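Structure first, then comments.
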Amino acid sequence: MDELLKIQEEALGKINDCQSLKDLNDLRVFYLGKKGPMQAAMKSMKDMTKEERAAFGQVSNKVKQDLTAAIEEKKQVLEEAEMNEKLKHERIDITLPSYALPLGSVHPLSMVREELEDLFIGMGYSVAEGPEVESDHFNFELMNLPKGHPARDMQDTLYIDENTLMRTHTSPVQARTMLEANGQGPIKIICPGKTYRRDDDDATHSHQFSQCEGLVIDKNITMADLKGTLELFAKKMFGEKREIRLRPSYFPFTEPSVEVDISCHNCEGKGCPMCKYTGWIEILGAGMVNPKVLEMCGFDPEVYQGFAFGIGLERVAMLKYGIDNIRNFYSGDLRFLNQFTRKD
Ligand code: PHE
């Protein structure tokens with residue numbers, strides 16, 4: 001028994017002094033293993049009386065338990081020290097200056113388009129698309145603009161050949177969507193996209209620009225639905241205080257047709273250069289879908305009505321962000337584009 005207690009004392013001392021996990025493991029193998037001093041001391045058990053053996057067994061078990069516990073405790077201490085050491089070496093110096101990564105920015109026209117998409121998708125619309133190289137049939141004929149119609153002059157057209165052209169507006173997507181629906185409503189779409197006209201480029205005109213068409217076809221659709229929709233558009237895009245004003249106008253594909261103005265967001269209607277001192281800004285064209293268009297596109301005008309609108313995306317972006325030259329959108333000038341870089 002003295003031998004056992006001596007072994008214990010010696011082992012505890014070594015465990016205490018031990019500096020590495022590997023040494024600790026060696027100690028464990030040595031003291032608790034089959035060839036260690038404990039095992040050797042146990043050999044003397046065969047010469048003991050029954051009582052002596054029982055007492056000896058108890059002490060040796062206790063010694064084993066104590067040593068195991070001491071090793072386990074030391075192991076945790078050494079592991080923690082090892083981890084701390086590792087962390088010290090792997091520490092990242094976050095005060096080190098890094099290279100600024102040049103990030104691109106969302107183009108202001110894309111920002112406006114995405115905002116419109118979010119707004120109208122939120123009202124249950126879906127986004128439709130159509131080709132930019134369009135046939136005369138869809139761009140004009142089905143929009144109630146037969147050949148020789150004087151209103152064709154309103155849209156100076158870039159022709160590819162006699163029957164093919166660069167679409168002058170996004171309205172042909174109305175016809176495409178209606179024909180696909182086979183006379184069955186409802187339809188609720190917007191169509192943002194590029195459009196083309198034979199314009200001389202200046203500060204407010206561009207031969208290529210962007211529109212966002214809107215079309216709703218259903219039973220019992222009235223001008224009040226159109227007005228409510230456009231009012232919501234004005235408030236969401238230009239602020240809660242905006243009001244809209246409808247002025248009679250003419251488009252061959254809508255009847256009646258309106259030109260829509262919004263109260264000036266720049267001067268709150270008092271008068272400023274942006275609204276040409278009128279307090280109102282012309283923003284889009286709209287109207288009730290002409291029954292002739294409904295009919296040509298496969299809908300029964302006795303059953304279905306609809307409204308449509310066409311928004312100029314450049315105009316919205318120019319008003320919203322105070323941009324004074326349409327050419328800025330297409331020049332790719334970083335001095336302009338970087339102003340729209342995300343700051344977050
Ligand atoms: N397509 C018309 C334009 O480009 C805009 C518009 C669309 C007007 C839909 C009324 C209804 O001028």
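These numbers were taken from a predicted model, which means no experiment stands behind them. Remember, it's 1-based here, ligands and their atoms both numbered in the order they're listed.
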For ligand 1, list all ligand N or O to protein N or O distances below 3.5 Å, rounded to 0.1 Å.
| residue | atom | partner | partner atom | Å |
| --- | --- | --- | --- | --- |
| ligand 1 | 1 (N) | His169 | ND1 | 3.0 |
| ligand 1 | 1 (N) | Ser171 | OG | 3.0 |
| ligand 1 | 4 (O) | Arg197 | NH2 | 3.0 |
| ligand 1 | 4 (O) | Gln211 | NE2 | 2.8 |

query: Going by the ring pair (Phe, Tyr, Trp, His ring centres under 6.0 Å) test, which pairs reach into residues 86-125, not counting sequence neighbours?
result: Phe120-Tyr125, Phe120-Phe309
field: Short side-chain to backbone donor-acceptor contact, Lys235 and Arg242, under 3.5 Å
entry: yes
- prompt: Are the charged groups of Asp261 and Arg247 less than 4.0 angstrom apart, N to O?
  reply: yes
Extract all donor-acceptor atom pairs below 3.5 Å that involve side chains of residues 280-292 and protein atoms in other chains or at least two apart in sequence.
| residue | atom | partner | partner atom | Å |
| --- | --- | --- | --- | --- |
| Asn290 | OD1 | Lys292 | N | 2.9 |
| Asn290 | ND2 | Pro252 | O | 3.1 |

field: Arg167 side chain vs Lys194 backbone, donor-acceptor pair below 3.5 Å
entry: yes
task: Could you name each residue pair satisfying ring pair (Phe, Tyr, Trp, His ring centres under 6.0 Å) that touches residues 14-43, not counting sequence neighbours?
output: none
